[in-house]
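What follows is a single structure, written as C-alpha cells, with notes after it.
All figures in this text were calculated on a predicted structure; none of them were measured in a lab.
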Amino acid sequence: MSAPRMKKTAVILGFCSACGFLPLAAWAQASQAYSDYRQSLIAGGWKPNVGYGLKTARGKPLYKFPEVVCGPTLCNAKWRDPQGREKVITLIRGLEGADHRVAPQ
C-alpha cells in the first residue's frame, strides 16, 4: 500500500473509531487506555522496545512512553513477547494530554 493510501486508511480508521462506526467489540477494545494495557503486557513478561521511539536532543523520550512513535492520529508501539518476538501495537493518539487508546487489532 502506498504512503498516501496508508494515510487515508489511517484517517478513515480514526474517524470511524471516534464516531462509533466500528463494531461494539472493536469499540470496547479501542476504549482501553494504553497505560493500563502497557501494565498488563509488562505483568505478562513482555518488554517494551525502548530503542524504537524518538528521542530529544538530550536523549530523553519524545513521547511519554519510549516505545511509541506517533503520527497525527495514530501511534505505533513496539514490544517483545517473552520469547523475544516483536509485535507492533497500533494506538489511537490521545490529544491534549489524554492517554492513547489501544486501536482494534
Q: Would you check if the side chain of R80 reaches a backbone N or O of N49 as a donor-acceptor pair within less than 3.5 Å?
A: no

Q) Can you pull the side-chain hydrogen bond (donor to acceptor under 3.5 Å, both in side chains) pairs that have at least one residue in residues 58-70, sequence neighbours excluded? A) Y34-E67, R38-E67

Q. Linking I/L/V/M/F/W/Y whenever their side-chain heavy atoms sit closer than 4.5 Å, directly or via other members, would Y52 and L41 fall into one cluster?
A. no

Q. Which pairs count as disulfide (SG to SG under 2.5 Å) when at least one residue sits in residues 48-105, sequence neighbours excluded?
A. C70-C75

Q) Tell me, do S35 and F65 make a side-chain contact under 4.5 Å, heavy atoms counted? A) yes

Q) Which pair of non-hydrogen atoms, one from L54 and one from V69, has the smallest distance, and what is that distance? A) N-CG2, 4.1 Å

Q: Kindly check if the number of other-residue, nucleotide or ligand heavy atoms within 6.0 Å of CD (Q83) is above 12?
A: yes

Q: Using salt bridge (Lys or Arg N to Asp or Glu O under 4.0 Å) as the criterion, list what pairs up with D99, not counting sequence neighbours.
A: none

Q. Quick one: are N76 and T90 in side-chain contact, heavy atoms under 4.5 Å?
A. yes

Q: If you link ILVMFWY side chains whenever their heavy atoms are less than 4.5 Å apart, which other residues fall into the same cluster as V50? By chain and number, please.
A: none

Q: Could you list all the salt bridge (charged side-chain N to carboxylate O under 4.0 Å, His left out) pairs where at least one residue sits in residues 41-56, not counting sequence neighbours?
A: none

**Q.** From CD1 (I89) to OH (Y37), nearest 0.5 Å
**A.** 4.5 Å

Q: Write down the atom of A103, the atom of I92, and the distance for their closest heavy-atom approach.
A: CB-CG1, 4.0 Å

Q) Any ring pair (Phe, Tyr, Trp, His ring centres under 6.0 Å) pairs touching residues 69-105, not counting sequence neighbours? A) none

